[in-house]
Each structure stands twice: as C-alpha cells, then as structure tokens.
Protein chains: 2
Amino acid sequence: MRTRPRELTVAAQDYLKAIHALEDEGVRVTTSALAERMSVSAPSATAMAKRLAGLGLVERTPYRGVALTETGRACALEVIRHHRLLERYLADRLGLTLDEVHAEAELLEHALSEELEARIDAELGYPTHDPHGDPIPDAELKLDAERGRTLSDLDEGERAAVSRVPDGDPGLLRYLAELGLVPEAEVEVLRRAPYGGPVTVRTVVGEHAISRELAGRIAVA
Amino acid sequence: MRTRPRELTVAAQDYLKAIHALEDEGVRVTTSALAERMSVSAPSATAMAKRLAGLGLVERTPYRGVALTETGRACALEVIRHHRLLERYLADRLGLTLDEVHAEAELLEHALSEELEARIDAELGYPTHDPHGDPIPDAELKLDAERGRTLSDLDEGERAAVSRVPDGDPGLLRYLAELGLVPEAEVEVLRRAPYGGPVTVRTVVGEHAISRELAGRIAVA
DNA sequence: AGCGCAGTTTAGTCATAGCTAATTCCGATC
DNA sequence: GATCGGAATTAGCTATGACTAAACTGCGCT
Ligand SMILES: [Mn+2]
Ligand SMILES: [Mn+2]
Ligand SMILES: [Mn+2]
Ligand SMILES: [Mn+2]
C-alpha cells in the first residue's frame, strides 16, 4: 500500500474527488471536463493537474488528460469516506435533512482527523451507506462498485425500493423528497412514455411524472 | 451591531482569536507578541495586522500594535464560540478526552456553518462552558467575564472546586488529569511554599505539589 | 542631547490557487 | 497532406500568507 502524502490542500483534495467522480462516470478526465466540474477556468485545471502529477497522485498526458494513480485514488477515497461518514452523522445524530447534509460535509470533510473519523464511524456502528444511498468506503478504503439499475430501467408495473438519489443539488433533493423519492422508499413504475418521455411513478405520496433523464439518476434495488 | 465580513480566511480567523486572547490577558498586542503567539515571524504578523486593519477588524498604530474593533471582536467571538461549542460536543457526544478536544476543534471551528452551530448548540442544551471550563459566547456573542480566583490565591486549608484549566497543551492536560485536577473536581490547598514556591494540593487522587505558576493558571470557584 | 539596540517595518522570494489573453497543438476535414 | 477550429497550454497578473535579509524607529540610558 503506497504511502499517501498527508497534508494535501483543500483544493487538491477537492480536485481528486472530482477526478474520481469523473472516472467513476466513465468520462475521460480532460482539462475541460475537470475545469467544468470544478467551476474553474481551463488554465486553473491544467495548473492543478500538473501539481497533482508532481505529487504522484495522477498520471498526466499533456493534451490528453489525467488518471488517478493508486496513491491518488486512495487520497480521493479518503476524502469521500470523510464526506459520506459526515453526511451519515449529520443526518442521524443532528437531524439535518437530505438536502442539507451535502454542503456541510463538503466543508467539514477536510477538517476531520483520522481519530475523529474512527470515533464517528464506531459511534454510527460502521455504516455502509450515506443518507443519499452512496456507499461509504471502509476504513481500508474499499468501496462497493454497486452499479445497479435505475428507475428508468424498470418496466411498467415493476416495483422496487429507491437505493440512491443524486446528492449535490438541494433543490432537487427537496423536490424528490416531496415526491416521496428518498432512499428506502417503495416505488412502482406506472408508465414509461416512449421516445425518451417521462416516467410516471407511484410512491406513498402519490403519482408523479419525472423526466427520463432524472429517473436515470435514481438507483433502485 | 456592525456587519461582520463573512468569508474571512482561516488564517485571519486564527489571528483574530489570538489577538482576542492577548487582549483578554491584558497584554499589549504588539507585533512580537502576536508573532510569538501565532508561531510566525514578525514580518508575517505585520502583514496580517495590515490586512486586518484594511478589513476594519483591528485598529493598527504602526510600531505600537493592534486593538480589535467592535467588528473584529465579534469575528473573534464567533470563532471562539465555534471552538468551544465543538469542544463541548466532542467531549459529550463522541467521548473525546480533555486533552484531545482542543486540536480537533481548532480545525473544525472554521468549517462550521451558522446553521450547524445552532443545531449543535440546541442538541447540547445551550451549554455555557466548554470542557476546560472556559465560557462559551452565547448566540449573541455575549461572553462572561469570569476573572475569578485561582489555585494560587487560596489560603492553606481552603477548599474549592476547579472551574477552569489551561486548554492548549495536551501533555499538561493529561498530567493535570492524573493529579485529579479537572473542572468540577474538589481541591484542598495543603501548603503554599514561600518565595513563590510550589502549592501542595489534595484531590481525590491524593496529594501533589505543583508550581505556583501552574497553580495560577487553574481557576477555582 | 545623542547612541544604540530591540523591536518593527520594508523589500524581495516562494508556493498555492485563481484569473484573462495569447499561443500552441491535435485531429478531423477537405 | 495542408488547413482550420476547438481544446489545451503558456504567459503574465492578482491575492493570500509564509519566509529571510535589510532598513528603519523609538525609547531608554548615558
Ligand atoms: Mn470539499
Ligand atoms: Mn480518514
Ligand atoms: Mn483554528
Ligand atoms: Mn457562528
């Protein structure tokens, strides 16, 4: 197991997280993809890519993009673990709602020591998923793959439980919560309009139509 | 009530805290005092003093030092409130020990939102003191003065309860805990050696002699 | 009153992390 | 295989916050 450089800056940690997310989505991590994800100009992304490459955290091919090294992946997973454990904690122990936890965890993740991380993990009973249904890397940074089906994959009449909702946008999360689309909730797909049309679902809250695209971002089990 | 500039840097917040502490100790906040307290070179302290003055957070007189403005004091108290609330939370809810809480809170204090601060405050039942016995500024940033007696002020034979111990040094806190000198603990002063000599105290743990200087840093009620 | 020294500030550097404007590269198209 | 356009990089700038070395100030002492 490679030693990972402790004392990464907050910015470096956030870039690593973004690179990990892009790789996870199967997107090539180009300068423009990274810049867009980080809400930063392309030259800023280039500069950080070089810095991360210098630290041995990414492999960089000029004009091609970057890829996490083993060390870089470990650093990214470390931050993701902090983020998701904190979300779980904030939701379970301090009653923050699904739409609130992300922003808080985004800040706290960089200020969490390994000791406190372990304490929180134990306190929560070693949870495996955050409140949005995303898997929490374990203490050895192993992460479940879990690329399952989504609401848009279900046939009409099929029932399932929501397992995962998109985590970044508070407005969207409030909207989904209103519709009864939260992790663990039961859903039934009533109709799937053709030509990429909306998906109509029934939840405890009632019947609602959502776009195919959004349905594709809600995982079920 | 002056508006205080949100979005102060972590460094600025830590300097304001240090300036507040020095003023509280009655020390003139000179460049060298500030540099020493922040473990930074004198030119670095000068530069930050100028930046803070530019933000209207301190009054600066070249070659003389700085003093917090009302706005600056509010910013300092905000950070102190975060710090002490977090210490209280970490001790009460996550079982961190007296010597561990300070370092953790030092990092987390800058990443705590006002909403989460309020949530934690409520969860704890609006505590008035941190685990070291330091007063927590309330939501309006009012802070108790509380300049009481210390162990070195007690006469031989006097009994009291420890109300406050120095909070920064983990080794010292472990040592004091071994001696039974923790907030709330009962103490009796047995002997006070002349010429600034040691103070001998009895606690539940037994009899121990500590320096007059250290005794002077332990408050009693 | 003047000297000198300690303490303070200025000057000049470095690293991080962002920006815009200018330039360069790559690959798709002709 | 040359050309062109979009993506990427370089160049040059800003701000923060640290440093060392050099210059300056003010105050206490003679
Ligand atoms: Mn973050
Ligand atoms: Mn960790
Ligand atoms: Mn701090
Ligand atoms: Mn606050």
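Throughout, protein chains are lettered first and strands after them, A, B, ... in sequence-line order, and every chain is numbered starting at 1. Computed from a prediction, not measured in an experiment: that's the story for all the values here.
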Below 4.0 Å: OP1/OP2 of D:dG17 and any side-chain N or O of B:Ser44: no
Under the side chain to side chain donor-acceptor pair (under 3.5 Å) test, residues paired with B:Arg217 that sit two or more places apart: B:Glu213
Sub-3.5 Å pairs of nitrogen or oxygen atoms, protein against nucleotides 2-6 of chain C:
none

Listed once per pair and sorted, the salt bridge (Lys or Arg N to Asp or Glu O under 4.0 Å) pairs that draw on residues 100-111 of chain B, sequence neighbours left out: A:Arg119-B:Glu100, B:Lys17-B:Glu106, B:Lys17-B:Glu109
Quick one: is B:Tyr15 getting a side-chain N or O under 4.0 Å of the D:dT16 phosphate, OP1 or OP2? no
Residues pairing under salt bridge (Lys or Arg N to Asp or Glu O under 4.0 Å) where one sits in residues 44-61 of chain B, two or more places apart or in two chains, turn out to be none
Indicate, with a heavy-atom threshold strictly under 4.0 Å, whether B:Ser41 touches base, sugar-phosphate, or nothing. base
Could you give the CG-to-C1' distance, from A:Leu8 to C:dT16, as a whole number of Å? 13 Å
Quick one: B:His110 NE2 to D:dG17 P, roughly how many Å, whole number? 12 Å
Using whole Å, what does the distance between atom P of nucleotide C:dG18 and atom CZ of A:Arg51 come to? 7 Å
Integer-rounded Å distance: D:dG17 C1' and B:Met38 CE: 11 Å
Run the side chain to side chain donor-acceptor pair (under 3.5 Å) test against A:Arg88 and tell me which residues pass, sequence neighbours left out. A:Asp92
So B:Arg28 and B:Glu23, salt bridge (Lys or Arg N to Asp or Glu O under 4.0 Å) or not? Walk me through it. CA-CA 7 Å; B:Arg28 269 189 50 233; B:Glu23 288 191 351; over 6 Å; no
Between atom CG in A:Leu16 and atom C1' in C:dA17, what is the gap in whole Å? 15 Å
Expressed in angstrom and rounded to an integer, what is the separation of A:Glu7 atom CD from C:dT16 atom P? 13 Å
Test: ring pair (Phe, Tyr, Trp, His ring centres under 6.0 Å). Region: residues 100-151 of chain B. Which pairs qualify, not counting sequence neighbours? B:His83-B:His102
How many Å lie between CD on A:Gln13 and P on C:dA17, as a whole number? 10 Å
A:Asp121: partners by salt bridge (Lys or Arg N to Asp or Glu O under 4.0 Å), with sequence neighbours left out: A:Arg81
B:Arg93 with B:Glu123: basic N within carboxylate O range, under 4.0 Å: yes
Please encode protein proximity along nucleotides 5-12 of chain D as a string of B, S and -, counting only heavy-atom distances under 4.0 Å. ---SBB--
Among residues two or more places apart or on two chains, list those pairs meeting side-chain hydrogen bond (donor to acceptor under 3.5 Å, both in side chains) that have a residue in residues 32-48 of chain B. B:Glu25-B:Arg37, B:Thr30-B:Ser32, B:Ser41-B:Ser44
